[in-house]
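Here the structure comes first, spelled out in structure tokens, and everything after it is commentary.
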Amino acid sequence: MSPVSGLFDLGEATSIRGVRILRGDEPGPTVGFLGMIHGNEPAGAGLWKFAEKLGRPARGEIHLIVGHPDAMAAEPGGVRYLKDDLNRLFLDDHELKANGVDLDGPDYRRMLELKPALAALDVLVDIHTTSQPSEPFVIGYTAQAEAHRLSRSLPVTQVDGLHQFIHGSACQWVLDRGCAALPIEVGAHLDPSGPGHASDLAQRILAELGMLPKLFMLDTTDISTRAKRVVVRKHIPHVLPDFRYVRHFANFDSLIPGEIIGSDSSGDYHAPNFDHPVIFMPSSESSLRDGSNTDAFFFGMELASNLSRDIDEIAMTA
């Protein structure tokens, strides 16, 4: 399954492939640690390394969920998905068929396997990585009180408004059931610090939930971040295979309104004309050429840290 496959044997086995449980002595929340729902994003293994150190929670349960073991094993280093992006399949079958999803395919089957595991949770912590360099950030969902509280407790950049552009994710499915979900990006795919960031942030979330054992010392290692708040306001889902950026862009790079970001044979792509634009999650040119990434890039607005205006209002006014 993985170079660290021994880690995935932690805890009590369940009937669902890749799902195991660590149980505390006292009742409490059921928290899911989900990693590798995209098979080429290995930093989620940091959740298992943290769980190995933790042993078991002080209360409640931790469900350790290997997202897509088949995509992890497809080739050395894993692949994002096998046929359809697993993290876009948590929709009804009618919509999936309209989108050309193979309902007999391996990714769809894994989605069906994961739903019962996700349905058992009170809180989902979903670890991802990006194709380009990035500081860690959490995607916030302001409409769900516990998700909002937990995301704001983390010392990383806060990103809001993405929900209006990304549909069918595991986190959105959990949120639609009235539970909390935190998608967290911990750096580029092969950034060696990614697993450590995943471990640190999982630890902080358990501390917020009162699930750390009394003798377990909270690791307060600082995560390098400028503590930005960004609202995503525009999505460029697809570009042509000949697309090229005009220069290298890292996640959250500041832009000049109207500047050219890149070009393909259909024309130029410009930064939007709103205040304080940034580029968000720019896919690598190679992933855009081979179709392994389902989103080209986004544009966001960086907010002043003391801005009190409702961020959902900002997100919806393009």
Side-chain angles (χ1 to χ4, degrees), residues 33-38 40-47 49-50 87 125-142 147-148 150-163 165-166 169 171 181-205 208 218-235 245 247-256 261 271 276-285 287 293 295-307 311 314-315:
F33 284 172
L34 172 62
M36 292 77 69
I37 197 167
H38 292 136
N40 65 335
E41 300 182 7
L47 297 172
K49 292 178 180 178
F50 166 62
N87 207 34
V125 179
D126 181 17
I127 296 296
H128 289 267
T129 52
T130 54
S131 64
Q132 298 279 62
S134 176
E135 63 200 55
F137 63 92
V138 59
I139 297 169
Y141 291 91
T142 58
H148 182 69
L150 291 172
S151 67
R152 292 303 191 259
S153 74
L154 301 178
V156 296
T157 291
Q158 309 284 317
V159 175
D160 296 285
L162 189 63
H163 63 278
F165 302 110
I166 298 295
S169 70
C171 282
L182 290 88
I184 302 174
E185 304 270 357
V186 294
H189 295 330
L190 299 181
D191 185 339
S193 63
H197 290 331
S199 174
D200 178 63
L201 294 170
Q203 185 176 197
R204 291 171 186 266
I205 290 166
E208 282 291 317
L218 178 64
D219 184 357
T220 57
T221 302
D222 183 48
I223 295 176
S224 178
T225 177
R226 289 173 283 171
K228 289 188 290 288
R229 292 180 64 197
V230 171
V231 173
V232 180
R233 295 186 56 185
K234 187 174 182 179
H235 181 204
Y245 291 106
R247 59 180 173 86
H248 173 74
F249 289 101
N251 200 20
F252 301 118
D253 274 356
S254 297
L255 306 173
I256 299 170
I261 302 302
H276 311 298
V278 297
I279 194 166
F280 176 62
M281 292 183 70
S283 296
S284 66
E285 289 180 353
S287 70
N293 209 327
D295 300 288
F297 48 89
F298 301 81
F299 294 114
M301 171 189 286
E302 183 174 350
L303 307 183
S305 59
N306 62 351
L307 189 63
I311 53 180
I314 295 172

Answer yes when R152 and D160 have at least one side-chain N-carboxylate O distance shorter than 4.0 Å, and no when they do not.
-> yes
Report the distance from atom CD of E302 to atom NZ of K228, rounding to the nearest 0.5 Å.
-> 5.5 Å
Hey, could you give me the CG/CG distance between L34 and D126, rounded to the nearest 0.5 Å?
-> 4.0 Å
Is there side-chain contact between I261 and L255, with at least one heavy-atom pair below 4.5 Å?
-> yes
What closest approach, in Å, do A296 and Y245 show between heavy atoms, and which atom pair accounts for it?
-> O-OH, 4.1 Å
Validation row: H189, S131 side chains within 4.5 angstrom (heavy atoms) = yes
Is there side-chain contact between F297 and F249, with heavy atoms separated by less than 4.5 Å?
-> no
Is any side-chain heavy atom of I205 closer than 4.5 Å to a side-chain heavy atom of I184?
-> yes
Checking Q158 side chain against S151 main chain: does a donor-acceptor pair fall under 3.5 Å?
-> yes
Identify the two heavy atoms, one from A181 and one from Y141, that lie closest to each other, and give their separation to 0.1 Å.
-> O-CD1, 3.8 Å
S199 side-chain N/O to L47 backbone N/O, donor-acceptor pair under 3.5 Å | no
Run the side chain to side chain contact (heavy atoms under 4.5 Å, CB included) check on V138 and L201 step by step: do they pass?
-> CA-CA 10 Å; V138 59; L201 294 170; over 6 Å; no
Residue set satisfying salt bridge (charged side-chain N to carboxylate O under 4.0 Å, His left out) with E41, at least two apart, ordered chain then number -> R80
Do H235 and L162 touch side chain to side chain, with heavy atoms closer than 4.5 Å?
-> no
Please report the closest heavy-atom contact between H197 and P136, naming both atoms and the distance.
-> CD2-CG, 3.5 Å
By side chain to side chain contact (heavy atoms under 4.5 Å, CB included), which residues pair with S153, not counting sequence neighbours?
-> E208
Start with the C-alpha gap between I37 and H128, add the side-chain angles, then the distance that decides, and say whether side chain to side chain contact (heavy atoms under 4.5 Å, CB included) holds.
-> CA-CA 8 Å; I37 197 167; H128 289 267; 3.3 Å; yes
Report yes if the side chains of I166 and F298 come closer than 4.5 Å at any heavy-atom pair, otherwise no.
-> yes
Side-chain contact, heavy-atom cut-off 4.5 Å: N251 with Q132?
-> no
Going from OG1 on T129 to CE on M36, what distance comes out if it is rounded to the nearest 0.5 angstrom?
-> 10.5 Å
Do P155 and R204 come within less than 4.5 Å of each other through their side chains, counting heavy atoms only?
-> yes
Write down the atom of A43, the atom of V186, and the distance for their closest heavy-atom approach.
-> CB-CG2, 3.6 Å
Please name all residues satisfying ring pair (Phe, Tyr, Trp, His ring centres under 6.0 Å) with F137, sequence neighbours left out, ordered by chain then number.
-> F252, F280
Of all heavy-atom pairs between S284 and S287, which one has the smallest distance, and what is that distance?
-> O-OG, 2.9 Å
How far apart are the C-alpha atoms of E135 and T157, what are their side-chain angles, what is the distance that settles it, and do they pass the side chain to side chain donor-acceptor pair (under 3.5 Å) test?
-> CA-CA 8 Å; E135 63 200 55; T157 291; 2.6 Å; yes
